[in-house]
Every structure is written in structure tokens, then in C-alpha cells.
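I have placed the structure first, in the form of C-alpha cells, so that the comments after it can refer back to it.
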Amino acid sequence: MSFNKKHLLGIQHLTKPEILTILDTAESLKEISKREVKKVPALRGKTIINLFFEPSTRTRSSFELAAKRLSADISSFSKASSSTVKGETLKDTVLNLEAMQTDALIIRHSASGTPHFLSTFCRSHIINAGDGTHEHPTQALLDAFTIREEKGKLKGLKVIIVGDILHSRVARSNIFLLNKMGAKVVLVGPPALVPPQMARLGAQVDYNMDRAVKDADVIMMLRIQLERQQKNFFPSVREYRSLFSLTPKRFETARKNAIIMHPGPINRDVEISTQLADSLKSVILKQVENGIAIRMAVLYLLLGGKERDVTD
Ligand code: CP
């Protein structure tokens, strides 16, 4: 196995063999969640803390369940119930938590670069669960895992990522990962949310959703992040919907076996129609299911799980 990183800070600095190791490890760990007793002793005795300074449904619960299925002890911490509201600095908060002999810290923060900052002074393994508009590596890994499961490969596929690319850490991590794996990435949305310079990340840009959808193998819709927008990036939700929403009429023109993805949370009938989000073409809930296997793989590889401890 090819994995000797101490932290998971992003996809940008992972190699293709390291990405493949995570995907392959997740594939072998996925069946644990289907056992009657969904638990193996691989990380028994390890202590992990989830530090979420931003809201989360999927990522936080998924890391918690992944840690528990590997028998690690995990404690979850949110900004509202911590002493940061009393003025404690992030560094002090983290040093105090590390004094409790943690092995790994999983961090989500609104400031890009926070996981990297922690990695400069922490003894624990640092895992990025989403930092500002920078990266969300485990989301891109679970997306790649889901695409590979559905399509049997990543290389050569056309993946369109539609929506608020400018503010999207999910898009950035996906662009890095899909490029490394040989997929073609096309970014779609209004110019204010998909500036032409995004092409420098290694993707094509297309402002015409109808054209982009036609030969796509994977249609990845993103949430319109109203909370991150300092100004209006498009004139109205109605206009956005008419130009970029994934509607049944638009999807009819897509390839017969195209799949629909979304990292969640979804804005129903804004970026994606309810009918399509709930259709058999949608793999949105499979993405969530696969998130546990990917996060188990990341914890297992970083914290030194033993193969003999995961076999039935
Ligand atoms: N995809 C994702 O990061 O969802 P949450 O914000 O619910 O964790």
C-alpha cells in the first residue's frame, strides 16, 4: 500500500497512487457497515476529536460513525458549546484538546488554511473536513469512490460540476482529484460564479448548461451558497434556475447512463429538481453511504490500522 502521509490536508498534494490506496482501502472496508455487528478492532485505543466550527450533517456524523466502526474513541465538539465563544484562541483550544492525548483531530473551519495551520504545531494527525473555500478532501474522495463504483472507472469520463464554483471547496478538491485520475472536468455556471481563471485549476469552463449536459457522464450539482456570497452573483434565483438548474427537460438530453451527484445539502427546485434528486439516476444517498467507507479508510491509513483487525 502506498500511503505514508501524516495528515490529510487536501487533495492537491496527494499522488495518484495515494488516492488509489484510499479508494481501494475504502472498497475493502465498506462491507463492515453491512455486517450485523458493524465494528472491527482496528483502531482500538485511539482517541479522535471532531472539531466543527461550521455546521455539518453528513461529514461530522460520517466521521463519528467511521471512527466508531473502527473501535476508536471519538468526541465531537462544536463552536457554540466550546470556550472559543469566551475568547479562547484556536491554537489554545487545540493545544488543550491535545493535552488529553488525542491521536487525530478532524477540523472544519470557515477560514481556508486552518488544517494546515494546525499541522504546523500539532502532534496529532490533522484531517481536513472542509476549510473555507479551499478544500474538502474526503468529499472528493467519496465522490470519486461513488463514480468508480457506478461507472467502473474514472479515466476518460466527462464530469461537469455545475453552480457556485467560486466558493466551493468541494469543486476545488474534485478538480484536483479528477484531473489526477484522468477524467475531463467541465465547470458550468454564471461567469460571476465560474470566473475564466478557474480554468487554471485544470478544468474547462462552459457557460452554457444545455451544451455541457449533452455528453456528460457525471453531472455534479452544487448548492448555491447564499451564506458565502458578499454580493449578488446572479440577478435572481428564477434566472439562475432557468439557465443552470438540472430539470427533467434538461436531463432528457443527457447521455442515457449519466448519473446525478450532489454533495448536499441540496436546495430542492433551485439547483436540482426534486423529481431528479429523488430519481434512480441520482446517486446522492450512495455518496453519503460511501462517505463512511472513505472516512474509515482515511482514519485507518493515517492512524496505522492493521489488516488482521478488519477481516471477518
Ligand atoms: N457534503 C457536506 O460537507 O455536507 P455537510 O455540510 O452536511 O457535512
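As the structure lists them, so they are numbered: ligands from 1, and atoms in each ligand from 1.
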Any idea which residues sit under 4.0 Å from ligand 1, heavy-atom distances?
Ser56, Thr57, Arg58, Thr59, Arg108, His136, Gln139, Pro263, Gly264

Please, which pairs that meet ring-ring contact (aromatic ring centres under 6.0 Å, His included) have at least one residue in residues 118-156, sequence neighbours excluded?
Phe117-Phe121

For Asp217, is there an ion pair with Lys158 - N to carboxylate O distance below 4.0 angstrom?
no

Kindly say whether Gly202 contributes a backbone atom to a donor-acceptor pair with the side chain of Asn179 at under 3.5 angstrom?
yes

Strictly distance-based, threshold 3.5 Å: is any side-chain N or O of Arg108 a donor or acceptor partner for the main-chain N or O of Pro55?
yes

Closest non-hydrogen atom pair between Ile165 and Met198, with its separation:
CG2-CE, 3.5 Å

Identify the heavy atoms of Leu302 and Lys6 that sit nearest to each other, and give their distance.
CD2-O, 3.6 Å

